[in-house]
Number of protein chains: 2
Amino acid sequence: MSDSELASDLVVHAARLVRAVRRELELPAGTRIISLLDEHGPLGITQLADLDRCSQPTMSAAVAQLVESGWVTKKPNPDDARGTVVTLSGTGRDELRRVRRRHGERVAALVAQHPDLTTEDLATAVAVLRGVLQEGTP
Amino acid sequence: MSDSELASDLVVHAARLVRAVRRELELPAGTRIISLLDEHGPLGITQLADLDRCSQPTMSAAVAQLVESGWVTKKPNPDDARGTVVTLSGTGRDELRRVRRRHGERVAALVAQHPDLTTEDLATAVAVLRGVLQEGTP
DNA sequence: CAAATTACATAGGTAACCTATGTATTTCTA
DNA sequence: TAGAAATACATAGGTTACCTATGTAATTTG
């Protein structure tokens, strides 16, 4: 199978996985965001939107929800009165831990059903997905 | 990193990829469906819903759209007057080819930016995603 | 043959996106 | 250094893709 076919399948199967997980475990957009904050530390709205590949208004709304949930805090950026700084809260970190455990257990169980899939394969899959999104989307 | 952590990351990154692709290349729900029909041949609404992990009403609506686009045909099932048979049309097959080429080129280009990611890695990633979704979601 | 099951359709509602546009602040430039 | 351009967000309005609940017709079962 060509790289091109594989790449196309990657997308379709990724889409299917996301929907399957969303159905049985909940995968709100906020999860991606607190995950980003955990990885990068405090960020502005636009930075978050860029990292998550969504529009700025979408991120504004998503962050507003997270603030309401108490999972992040939003303060004006002291160095730039236009901007804000979104920070992961302790509650948010707890939530992230919970979500990760839920998803982890569930997906790991599915992976375990396939003896031909090793931990290394799983790591490779994550690396591919991560790599595809890194930097240059020219 | 544990299997559980990896599995959790798999989901989040998959979600991010799907949204990134949806943004710049279009990834309508119909794509997944014609992809299923291509893989399995003609199917009923409920069968499609099960395979795509969505509800039956969702699939009904999605198929209705596809019929309108001319990418599939819907005929009553001759063996069971309750059911219908959804079949991929020639136009649908063409569209699938187009979509695959678009996605393939785009994602393959991104993969190519990462010399450490081989075709084999890509194949592994697809196998993992496919495996995770296969059969038993008990 | 009545009851349960199955295959869809319809109705109504939500989450997560988007583009277009407005506003305040900061940076660039002539 | 004043005015123009750019930047960081917010708001408004709209779409897509889902969902659950429920109704209907046809099939299978007891």
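Every value quoted in this text rests on a predicted model; they were computed, and no experiment measured them. Labels below follow one simple rule: chain letters A, B, ... track the order of the sequence lines, proteins then strands, and each chain is numbered from 1.
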Identify all pairs in which a protein N or O lies below 3.5 Å from an N or O of nucleotides 14-16 of chain C, and state each distance.
residue	atom	partner	partner atom	Å
C/dA16	OP1	A/Ala29	N	3.0

N/O donor-acceptor pairs under 3.5 Å from side chains in residues 59-74 of chain B, not counting sequence neighbours:
residue	atom	partner	partner atom	Å
B/Ser60	OG	B/Gln56	O	3.3
B/Ser60	OG	B/Gln56	NE2	3.1
B/Ser69	OG	B/Gln65	O	3.0

Let me have the donor-acceptor pairs involving side chains of residues 78-87 of chain B, under 3.5 Å, with sequence neighbours excluded, atom names and distances please.
residue	atom	partner	partner atom	Å
B/Asp80	OD1	B/Arg82	N	3.0
B/Asp80	OD1	B/Arg82	NE	3.0
B/Asp80	OD2	B/Arg82	NE	3.4
B/Asp80	OD2	B/Arg82	NH2	2.8

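Computed from coordinates, the B/Gln56 CD to C/dT5 P distance equals 17 Å when rounded to whole Å. Rounded to an integer number of Å, the gap from CZ of B/Arg16 to P of C/dC17 is 11 Å.
Side-chain atoms of B/Arg23 come within 3.5 Å of backbone atoms of A/Arg53 as a donor-acceptor pair (strictly under, hydrogens ignored). At least one donor-acceptor pair closer than 3.5 Å links the side chain of A/His114 to the backbone N or O of B/Gly131. Looking only at distances, a side-chain donor or acceptor of A/His103 sits under 3.5 Å from a matching main-chain atom of A/Glu26.
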For DNA chain C, the expected dot-bracket line (Watson-Crick or G-U under 3.5 Å, [ ] crossing, | inter-strand) is ||||||||||||||||||||||||||||||
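Across B/Ala7 and A/Gly104, no two heavy atoms sit closer than the pair CB-O, 3.7 Å. Contact detail for A/Val18 and B/Ala14: the closest heavy-atom pair is CG2-C, 3.7 Å.
For B/Asp38, the side chain to side chain donor-acceptor pair (under 3.5 Å) partners two or more places apart in sequence, or in a different chain, are B/Arg93, B/Arg100. Every salt bridge (Lys or Arg N to Asp or Glu O under 4.0 Å) that B/Glu39 has, sequence neighbours left out, goes to B/Arg130. The salt bridge (Lys or Arg N to Asp or Glu O under 4.0 Å) test applied to A/Glu5 returns no partner, not counting sequence neighbours.
For DNA chain C, the neighbouring residues in residues 80-88 of chain B, judged by any heavy atom under 4.0 Å, are B/Arg82, B/Gly83, B/Thr84.
Under the salt bridge (charged side-chain N to carboxylate O under 4.0 Å, His left out) criterion, no residue pair touches residues 114-129 of chain A, with sequence neighbours excluded. The list of side-chain hydrogen bond (donor to acceptor under 3.5 Å, both in side chains) pairs with a residue in residues 40-52 of chain B, not counting sequence neighbours, reads A/Arg16-B/Asp52, B/Arg32-B/Asp52.
Among the protein residues, B/Ser55 comes within range of the nucleic acid bases, having at least one heavy atom under 4.0 Å from a base atom.
Projected onto DNA chain D by closest heavy-atom contact, A/Ala61 and A/Arg23 fall at different nucleotides, the more 5' of which corresponds to A/Ala61.
Hydrophobic cluster membership for A/Val12: none, as no Ile, Leu, Val, Met, Phe, Trp or Tyr side chain comes under 4.5 Å of it.
You can see that DNA chain D meets the heavy atoms of chain B within a 4.0 Å-exclusive cut from D/dA17 to D/dT27, reading 5' to 3'.
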